[in-house]
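Report on the following structure.
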Amino acid sequence: MTETEVEKLKLMVVDDEPDNLDLLYRTFRRDFQVYKANHAHKALEILAQEGEMAVIISDQRMPEMNGTELLSRTVGLYPDTIRILLTGFTDVEDLVEAINAGQVFKYITKPWNPERLKAVVEQATDTYRLVKKRTQELQRALRRESLFNAVTTAIRESLDYESMLQKIAATIGQTFEATCCLLKPVENNRLTPNQFYYQNPAVDLPESAFDPSCLIAEVLETGHYLIAQDINNGKQCNYLVVPLCYQQHLLAVLALYQWGLEHPWHDEEIQLITGVAEQAALAVSQAKLYQHLQEKQQQISAELEVARQIQNNLLRQTLPDIKGAKLQACCYPAREVGGDFFEVFVHPTQGDVWLAVGDVSGKGVPAALFMASAISVLRRELSQENPPEPNVVIHNLNHALCDDLISNNCFITFVLARYTPSTRELVYANAGHIYPLVWSNQINAPEKPVYLTVRAIPLGILPKWHAKSGSLVLSPGDTLLLASDGITEAMVSNKLFSTVKNVGGGQLASHSMLNQDGLWQLLQQEPKPLSLNHLLARIQADNHVQDDDQTILSLEVL
């Protein structure tokens, strides 16, 4: 068989008419390895024996099994094969269904034009080669990713520096089916006495068969990988020695050994190994710094504790006494510091009570810094002799923080309300925050709360923020509740609710998201007078890990 014949693609023709089958064979035999089948079952036997075909040309009308059925059976086994259907009748519905299902690339009507058929097959082979090329590239990428993930997992599972090196040697050796794998650390361009070794337990390796010391010394000197071969006990042996370098510093040398295999490593495998060596070198470098990082972590933990105390002190530690009203507020960050905040401010001359709850996107230190900035700007706005309307305050807040928020891909949801005790009027504005709710404790009060639905976009989305304020007048017995989404998105036990619907008769989930409707159900179950601390304790009871900051604030008109 010549080299040209080896490179020919496989093509199978299927037709129950001998003349057509022979004509198809003679048409393509010069350019393809052509396989003939006079019925569908024979075609399936050939596929089982010969494997994937580049192109399958099948007649539609055949006894026992038609062409579309045959081609559909090949889709799962050989997804890259290009399928062409020959039909002597116009069954549009079957053809369209076959084409849409990916079973048929083209269909040709009988009697076919030889030149058109050749053109279609040429187009099919080009498509097949492109698909195979993309498939091979994807397989290489997946193999590389799989190997990187395996090495990364081995590194993460390591408890210390030495166990990490041992796992790197074992993982690379197993992945590349090496007979042996040796990893020797390097300090100051010199090999250390330590070494980490892996040997394939299924191979009975002769004693002293694996001695890469000379090759390691050469790689240590040149800093480049090295491939070598020799003969041991009559069998060919392949060596691959790779340096592990990070930021131009040689950290270790990896030696792979294959005993009894005639072919050395392919270029693709060498690229994979060298790529993994770079990743492993990074891990080795990081392992050396592990102890230093632990000390830094302890220092950071201590500083975060200080930051937590500072942030907590930014919030009102005591709430003012308001004639004819009762205030409550709670704020629990998910981490040491968080992005949730609340504010209760009584204007010294006008006597208005300003209430606010905000939620900075994200968690941790970045959110906490924006939270501190937001509180500072808010208090400056509210401390004016004549503070503007709530929507103007939010506009000014957006103006002050927008550039920093946009540049850091952050935003703040925020709701601000002004309550005037003398008139019991409530004016509010909402920047993307969840709806505040108001309900009455009076006997004839509605069963559902009133949601304050006037709302606009969060802060930090656009340079200018514009929206109207909403207003209403509260009555004695009314309660206003502001909360962050850490409350409404908390996963709570369904046992908290008195009635739980089993939709569809399936097994009930033990937990579900609270949502605002669930929060209202819990509020109805709370004993009087309302205690926010008791409410949050119920919400947090079954949650071992708090996923988000949780803030809640209430104003009850007496």
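Because the structure is predicted, anything quoted here is derived from the model rather than measured.
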Open item on the list: Tell me whether Arg418 contacts the main-chain N or O of Glu389 through its side chain, where contact means a donor paired with an acceptor under 3.5 Å.
Closed with: no

Task: Minimal non-hydrogen separation, Cys181 against Gly173, with atom names - done: CB-CA, 3.9 Å

Open item on the list: I want to check something: taking the side chain as every heavy atom from C-beta on, are Glu162 and Gln166 in contact at a cut-off of under 4.5 Å?
Closed with: no

Open item on the list: Rounded at 0.5 Å granularity, tell me how far CD in Gln328 sits from CG in Leu481.
Closed with: 9.5 Å

Task: Under 3.5 Å donor-acceptor, Asp359 side chain and Ile412 backbone - done: no

TODO: Test Met164 against Ile168 for side chain to side chain contact (heavy atoms under 4.5 Å, CB included), laying out the working first.
DONE: CA-CA 6 Å; Met164 176 184 292; Ile168 290 174; 4.0 Å; yes

Open item on the list: Using every non-hydrogen atom in the two residues, find where Ala467 and Ala456 come nearest and quote the distance to one decimal.
Closed with: CB-CB, 3.4 Å

- [ ] Tell me, yes or no, whether the heavy-atom count around Glu177 atom CD, taken from other residues, nucleotides or ligands under 6.0 Å, exceeds 12.
- [x] no

- [ ] Indicate yes or no: at least one non-hydrogen side-chain atom of Leu272 is less than 4.5 angstrom from one of Phe176.
- [x] yes

TODO: Drop me the distance from Ile552's CD1 to Asp340's CG, to the nearest 0.5 angstrom.
DONE: 11.5 Å

TODO: Applying side chain to side chain contact (heavy atoms under 4.5 Å, CB included), run through Leu522 and Leu514 and close with a yes or a no.
DONE: CA-CA 9 Å; Leu522 292 186; Leu514 183 60; 3.8 Å; yes

Open item on the list: Does Val186 form a side chain to side chain contact (heavy atoms under 4.5 Å, CB included) with Leu251? I'd like the steps, not just the answer.
Closed with: CA-CA 5 Å; Val186 175; Leu251 303 177; 5.8 Å; no

Task: Residue pair Pro243 / Gly223: nearest heavy atoms and the distance that separates them - done: CG-O, 3.4 Å

- [ ] Say whether Gln521 and Gln525, considering side chains only, have a donor N or O and an acceptor N or O under 3.5 Å apart.
- [x] no

- [ ] Give a yes or no on this: more than 12 heavy atoms of other residues, nucleotides or ligands lie within 6.0 Å of atom CG of Asn188.
- [x] no

Task: Straight-line distance of Phe341 CZ to Thr551 OG1, nearest 0.5 Å - done: 9.0 Å

- [ ] Side-chain contact test, heavy atoms from C-beta onward, threshold under 4.5 Å: evaluate it for Phe342 versus Ser484 and give yes or no.
- [x] no

Open item on the list: Determine whether a donor-acceptor pair (N or O, by modelled atom type, separation under 3.5 Å) exists between the side chain of Asn194 and the backbone of Lys184.
Closed with: no

Task: His466: partners by side-chain contact (heavy atoms from CB on, under 4.5 Å), with sequence neighbours left out - done: His395, Lys464

Task: Backbone N/O of Ile487 and side chain of Glu489: donor-acceptor pair under 3.5 Å - done: no

Task: Minimum heavy-atom distance Ala400-Arg380, with the two atoms named - done: CB-NH2, 4.3 Å

Open item on the list: side chain to side chain contact (heavy atoms under 4.5 Å, CB included), that's the test. Do Val454 and Asn430 meet it? Break it down for me.
Closed with: CA-CA 7 Å; Val454 176; Asn430 191 332; over 6 Å; no

- [ ] Answer yes or no: is there a donor N or O on one side and an acceptor on the other, between the side chain of Asp80 and the main chain of Lys132, under 3.5 Å?
- [x] no

Open item on the list: Please check: side-chain N/O of Ser376 versus main-chain N/O of Ala372, any donor-acceptor pairing under 3.5 Å?
Closed with: no

Open item on the list: Within the structure provided, determine whether Asn396 and Pro388 are in side-chain contact (heavy-atom separation under 4.5 Å).
Closed with: yes

TODO: For the pair Gln546 (side chain) and Tyr332 (backbone), establish whether a donor and an acceptor sit closer than 3.5 Å, ignoring hydrogens and angles.
DONE: yes

Open item on the list: Using 0.5 Å steps for rounding, measure from the CH2 atom of Trp520 to the CG atom of Leu437.
Closed with: 7.0 Å

- [ ] Indicate the atoms forming the closest heavy-atom contact of Ala367 with Gly339, along with that distance.
- [x] CB-CA, 3.6 Å

Open item on the list: A side-chain contact here means heavy atoms from C-beta on lying under 4.5 Å apart; do Leu405 and Phe411 qualify?
Closed with: no

Open item on the list: Is it the case that the side chain of Asn391 and the backbone of Lys468 share a donor-acceptor pair, with hydrogens and angles ignored and the cut-off at 3.5 Å?
Closed with: no

- [ ] Output all residues satisfying ring-ring contact (aromatic ring centres under 6.0 Å, His included) with His249, sequence neighbours left out; order by chain, then residue number.
- [x] none

- [ ] Find out whether Leu535 and Leu519 are in side-chain contact, i.e. whether some heavy atom of one side chain is under 4.5 Å from a heavy atom of the other.
- [x] yes

Task: Spatial distance of atom CZ (Phe196) from atom CG (Leu254) [nearest 0.5 Å] - done: 12.5 Å

TODO: Measure from the side-chain N and O atoms of Asn398 to the backbone N and O of Ile394, and report whether any donor-acceptor pair falls under 3.5 Å.
DONE: no

Task: Arg379 NZ/CZ over Phe345 ring centroid, <6.0 Å and within 45° of normal - done: no

- [ ] Give a yes or no answer on whether the side chain of Glu343 reaches the backbone of Leu416 with a donor-acceptor pair at less than 3.5 Å.
- [x] no

Task: Flag side-chain contact, heavy atom, 4.5 Å: Tyr419 against Leu480 - done: no

TODO: Please tell me if the side chains of Leu244 and Leu183 come closer than 4.5 Å, counting only heavy atoms from C-beta onward.
DONE: yes

Task: Whether over 12 other heavy atoms sit under 6.0 Å from Gln384 CD - done: yes

Open item on the list: Can you confirm whether more than 12 heavy atoms, excluding those of Glu137, are under 6.0 Å from its CD atom?
Closed with: yes

TODO: To the nearest 0.5 Å, tell me how far Lys323 NZ sits from Ser422 OG.
DONE: 11.0 Å

Task: Shortest non-hydrogen separation from Ala178 to Asn200 and the atoms involved - done: O-CB, 3.7 Å

